[in-house]
Amino acid sequence: MELQNTVKEALNALYHHPDDAFRMQADRWLQDFQRTLDAWQVADNLLHEPTSNLETLIFCSQTLRSKVQRDFEELPSEAFRPLRDSLNNLLRKFHKGPPKVRTQISIAVAALAVHVPADDWGEGGIVNWLRNEMNSHPEYVPGFLELLTVLPEEVYNYKIAARPDRRRQFEKELTSQMEVTLNILTACLNINELKEQVLEAFCSWLRLKHGIPGSLLASHPLVLTALASLNSELLSEASVNVISELIHYSAAGSLSDLPVHMPLIQVIVPQVMNLKAQLRDSSKDEEDVKAIARLFADMGDSYVELIATGSDESMLIVHALLEVTSHSEYDIASMTFNFWHSLQLNLTKRDAYISFGNDASVEAERKRRLQIFCPVYESLVSLVSFRVQYPNDYQDLSYEDLKEFKQTRYAVADVLIDAALVLGGDTTLKLLYVKLVEAVSSCGNSEQSEWRPAEAALFCIRAISNYVSVGEAEIMPQVMGLLPKLPKQAQLLQTVCYTVGAYSKWLDASPSGQSILPSVIDILMNGMSTSEDSAAAAALAFRHICADCRRKLCGFLDGLFHIYNMTVNGESSLKVTAEDSLHLVEALSMVITELVPDQAKRALEALCLPVVAPLQEIVNQGLEVLNKKPSNELTVHIDRFAYIFRYVNHPEAVADAIQRLWPLFKAIFDIRAWDMRTMESLCRSCKYAVRTSGRFMGITIGAMLEEIQGLYKQHHQPCFLYLSSEVIKIFGSDPSCASYLQNLIEALFMHTTRLLTNIQEFTARPDIADDCFLLASRCIRYCPQLFIPSSVFPALIDCSMVGITVQHREASNSILTFLADVFDLANSSKSEQYISRRDAIIIPRGPVLLRILIAALTGALPSSRLEPVTYTLLALTRAYRAQALEWAKESVSLIPATAVTEKERSRFLKALSDAASGCDINTLAVPIEELSDVCRRNRNVQEIVQGALRPLELNVRAVS
């Protein structure tokens, strides 16, 4: 009684106390209370108490529901009947509401049925029990109907802490009672006010894999009732849901299953088709129109393979779907977009025609279908293209509305791509060009003119750019000719720039491309000086054009350098941000790649000059100034070096540049080594210099490695590790580099293992852990001869075992990948010779290592990490076979029988045994996932399992 009063006081404080801190304290107390054993009795008592207010009833019904779902195992086996009877009494008590309370009680009873086998409910399981209750107490039927509705939904509710075997059994129990359920629901149809609730329950049961033949459903009273209500004045939501489920069910399986479902399809389709006229009925409620549109969309999505045959009957559905697409409300029209995509796949993908046998038959059928559907997709282009037009009040749109408008444009672009794949890009371009010409003729050349239709048409033309042939010679020259004549309005100019960039491959291939380029560059210059958005589009377009037209642009180098220098020097007339300026750095770098080596070397020097000058100026001002500069004043320039070194593909020229720049880089390394952001930027630049220059780097690489090796010991910057990773990839197999790479590996790894000595250190330094083990994996792949025989290899294995269960996703994945690479050494001919060395280190640690992996699998890591943990566990098992199985048996035997049954344990060990025998590990995931599910089914079980598998630490002597 005292605890019940405390719960009431806490709820009162939670909902009514003026002090936030007090409310939070009450909330925490109530959450803790819900996890206690006392919560069962207290919640039950308060629900039966006549004076409990609504807040108490809602809280206690939620508590009881969550206790049954998650903590049913806390109760002794004899508690089932009293609990069932109590819940039944509550279901009767609240049969008229409050609805929230009744729903929670219903879910609790359904969850109880998931836990408890059918036999314990009496013959026929819970469904028969429920039928008897309804017959005995007809006044409580509404409450029992809600229970009948939620029952099948709980089959797929993974909040319920049921074992996988029991969950599967529960689904079979319900499926076997399908006929009884339909009889109950049919009987309830006689009560007119329950019709909606009956249909909701029917809909819920249809989602089960029930296997009822379509011929039986076609004439079933429940189906006929749902179909009849489609024609009533007030469209029933439950009826629409039922018909929707029936559509999905009748389309389940392959085309070969069609005869079984055809009687049902023949009943549904005419009834839905009768609703077509209502799509245009302005007096119809919008929600009703949405419901009707949804049924048409469901038919399209479900019967798309049938529709793709192009029969007369299927074309009636297609034209109805065009009607939905033409609806003025975007939310309604867009319901069909998925259908147009699926239909496109069925018309264009070769797999859809396999049944037609030889190539000639396939091609003939494909042509026949395309001939039927091309006019449909031509109509579709007109029906969707207008939706991308900016609204009149676009300047007043909120951030959320603008975001939604952009998503609409992307969705329409996808539909246009589907049309282009069916019609061909060139044909679609012609259709859209007509709209562009119409728009341009009605828009003047001033910024105040009506620019929105022209922008919309260009957006659509840009959307299909990848599907227009590069040899298209009729429309694209005209489009390019129109672009300079358009008003210089900011949004329109932005789309013009994007369009120019999207057709960069066409510009390169076109015979007139060379003559068009000057006007294109003028457009992009206008874009860069109009607004930040148009400048971003222009910079991106420059990048595309320079990537694809680089040979043509070699003759425009002086002009390009002029634009580049204006941008990089931050000329005030241009609106290009520092971030967007990187597109121009990349653009010019790609053009320089096309030059002959001598010209490229000079051009690279000119490219670096405006980047070097401001950095050199800062360094020349002395240590104190350099130390105090904000990171972004340095990284804005250093990031440009990364792009230059990445995209100027002249290894010798880049090697020469980095050698000249090394004193500047070294000064920044020495003085700013404490600054993570600057170091990351500098290491990225060095990484690309190493990647591009490769073996041409000469003495610079030695100086670079010596620098980062020394700085890492002082400043522990993770980026020093990823730069080393790139060096290992390029130079790992080079015998002339072996000595300094060996020193590098040993110094970096030895220092890291001293940093990461416990799980708390891994948690505090996840980036170091991530980059360290990424580097270790690189060493296994590129220089096993230096890494595996070294003294740091066993230390790193020990370190990885400490960190496997770190919660940081990338760090954990890198550690697991490293261990999997160690176990998979036999897969690489380069590494086979080191297996005995590996075994000498892994075997003494094997039992603990396997125990930690099983702990990670069963709850020490989140379930989202299951895939890498499973792979690592199976890789270990494949490598050590019988020994690994013994280690696994030892580990799983530690888990108490209350948490894992002998059958579940055996199934898991059988999967590992199959892996050891060489079975495909992809087929073994299910029993391993099931052990994970069983051990995570509720908090108490997870704590028991984790407690049994501790300590998650290494406890062996170091092995050399």
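For the numbers below, each heavy atom of this structure counts, side chains included, while hydrogens, waters and symmetry mates do not. Just so you know, residue 1 is the first one in the sequence shown, and it goes up from there.
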Note: Thr805 and Ile852 closest approach over all heavy atoms is CG2-CG2, 4.3 Å

Should the pair Lys8-Glu49 be classified as a salt bridge under the 4.0 Å nitrogen-to-oxygen rule? yes

What do you reckon, is CD of Glu55 surrounded by more than 12 foreign heavy atoms closer than 6.0 Å? yes

To the nearest 0.5 Å, what is the distance between CG on Leu47 and OG1 on Thr56? 9.5 Å

Tell me whether the NZ or CZ atom of Arg167 lies within the 45° cone about the ring axis of Tyr156 and under 6.0 Å from its centre. no

Would you check if there is a donor-acceptor pair between the side chains of Ser244 and Asn241 at a distance under 3.5 Å? no

Can you find a pair of side-chain heavy atoms, one from Lys93 and one from Asn89, that are under 4.5 Å apart? no

Salt bridge (charged side-chain N to carboxylate O under 4.0 Å, His left out) partners of residues 108-118, not counting sequence neighbours, each pair once: none

Looking at every heavy atom in both Ile184 and Leu148, which two are closest together, and how far apart are they? CG2-CD2, 4.1 Å

Expected output: side-chain Thr753 to main-chain Phe749 donor-acceptor under 3.5 Å: yes

How are the rings of Trp129 and Trp121 set to each other: parallel, tilted or perpendicular (split at 30° and 60°)? perpendicular

By side-chain contact (heavy atoms from CB on, under 4.5 Å), Glu173 pairs with (sequence neighbours left out) Ala118, Arg166, Gln169, Phe170

So NZ of Lys172 and CG of Leu174: to nearest 0.5 Å the spacing works out to 13.0 Å

Could I get the full list of side-chain contact (heavy atoms from CB on, under 4.5 Å) partners for Asn758, not counting sequence neighbours? Gln760, Glu761

Nearest atoms (heavy-atom pairs only) where Val42 meets Leu3: CG2-CD2, 3.9 Å

For the side chain of Tyr410 and the backbone of Phe405, is there at least one donor-acceptor N/O pair under 3.5 Å apart? no

Note: Val941 and Val934 closest approach over all heavy atoms is CG1-O, 3.7 Å

Check: Thr6 side chain, Glu2 main-chain N or O, donor-acceptor pair, under 3.5 Å: yes

Residue pairs meeting side chain to side chain donor-acceptor pair (under 3.5 Å), one or both in residues 106-120, sequence neighbours left out, come to none

Evaluate whether atom CD of Glu579 has more than 12 neighbouring non-hydrogen atoms of other residues, nucleotides or ligands under 6.0 angstrom away. no

Does a donor on one side chain and an acceptor on the other come within less than 3.5 Å for Thr752 and Tyr712? yes

Taking the side chain as everything from C-beta on, heavy atoms only, tell me whether Asp44 gets closer than 4.5 Å to His48. yes

Give a yes or no on whether the backbone of Phe33 and the side-chain of Thr36 come within a donor-acceptor separation of less than 3.5 Å. yes

Would you call Glu74 and Lys67 a salt bridge, taking side-chain N to carboxylate O under 4.0 Å as the test? yes

Check whether any side-chain heavy atom of Val900 sits under 4.5 Å from a side-chain heavy atom of Cys935, and report yes or no. yes

Once you round to the nearest 0.5 Å, how far does CG of Asp767 lie from CD of Glu810? 8.5 Å

Gln942 side-chain N/O to Gly859 backbone N/O, donor-acceptor pair under 3.5 Å: yes

Rounded distance [0.5 Å steps], CD in Glu73 versus CD1 in Ile944: 8.5 Å

For residues Asp770 and Pro718, determine if any side-chain heavy atom of one lies less than 4.5 Å from a side-chain heavy atom of the other. no

Which residue pairs satisfy the salt bridge (charged side-chain N to carboxylate O under 4.0 Å, His left out) criterion with at least one member in residues 896-908, sequence neighbours excluded? Arg163-Glu904, Asp165-Lys903, Asp165-Arg907, Glu902-Arg905, Arg907-Glu930

Between His17 and Gln25, do the side chains contain an N or O donor and an N or O acceptor separated by less than 3.5 Å? no

Distance flag, aromatic centroids of His137 and His95, threshold under 6.0 Å: no

Are any of the side-chain heavy atoms of Leu876 and Val822 separated by less than 4.5 Å? no

Pairs under 3.5 angstrom only: tabulate donor-acceptor contacts from the side chains of residues 396-404 to other protein residues two or more places apart or in another chain.
{"from": "Ser398", "atom 1": "OG", "to": "Asp401", "atom 2": "N", "distance (Å)": "3.1"}
{"from": "Ser398", "atom 1": "OG", "to": "Asp401", "atom 2": "OD2", "distance (Å)": "3.3"}

Is any side-chain heavy atom of Gln31 closer than 4.5 Å to one of Arg28? no

Which pair of heavy atoms, one from Glu890 and one from Pro847, lies closest together, and at what distance? OE1-CB, 4.1 Å

Salt bridge flag under 4.0 Å for residues Asp32 and Arg35: yes

Pair Glu133 + Arg92: basic N to acidic O under 4.0 Å: yes

Show the numbers, then the answer: is there a side-chain contact (heavy atoms from CB on, under 4.5 Å) between Met679 and Phe720? CA-CA 8 Å; Met679 288 301 100; Phe720 296 153; 3.8 Å; yes

Distance-only, no hydrogens or angles: does the Arg70 side chain make a donor-acceptor pair with backbone N or O of Arg937 under 3.5 Å? yes

Does the plane of the ring in Phe773 sit parallel, tilted or perpendicular to the ring in Phe818? Use 30° and 60° as the thresholds. tilted

I need the Leu819 CG to Thr872 OG1 distance, nearest 0.5 Å. 6.5 Å

Taking NZ, NE, NH1 and NH2 as the nitrogens, is one of them in Asp798 or Arg845 under 4.0 Å from a carboxylate oxygen of the other? yes

CG-CD distance between Leu46 and Gln4, expressed to the nearest 0.5 angstrom: 4.5 Å

Do Thr63 and Gln34 have side-chain atoms, one donor and one acceptor, less than 3.5 Å apart? yes

Worked verdict on Arg65 versus Ile105 for side-chain contact (heavy atoms from CB on, under 4.5 Å): CA-CA 6 Å; Arg65 183 260 305 152; Ile105 302 297; over 6 Å; no

At their closest point, which heavy atom of Val198 faces which heavy atom of Leu185, and how far apart are they? CG1-O, 3.4 Å

Just by distance, no angles: are the side chains of Glu153 and Asn157 close enough, under 3.5 Å, to form a donor-acceptor pair? no

Does the side chain of Leu90 come within less than 4.5 Å of Leu64's, by heavy atoms? yes

May I have the step-by-step check of side-chain contact (heavy atoms from CB on, under 4.5 Å) for Trp887 and Leu853, ending in yes or no? CA-CA 11 Å; Trp887 301 336; Leu853 287 171; over 6 Å; no

Under 3.5 Å, is there a donor-acceptor pair linking the side chains of Glu196 and Ser236? yes

Taking C-beta and beyond as the side chain, do Thr858 and Ser932 meet within less than 4.5 Å on heavy atoms? no

Check against side-chain contact (heavy atoms from CB on, under 4.5 Å), Arg207 and Cys203: CA-CA 7 Å; Arg207 293 187 188 111; Cys203 184; 3.4 Å; yes

Please identify which of these residues, Ile126, Val109, Thr181, Leu208, meets the side chain to side chain contact (heavy atoms under 4.5 Å, CB included) condition with Leu151. Ile126

Checking Glu146 against Thr103: is there a side-chain donor and acceptor pair closer than 3.5 Å? yes

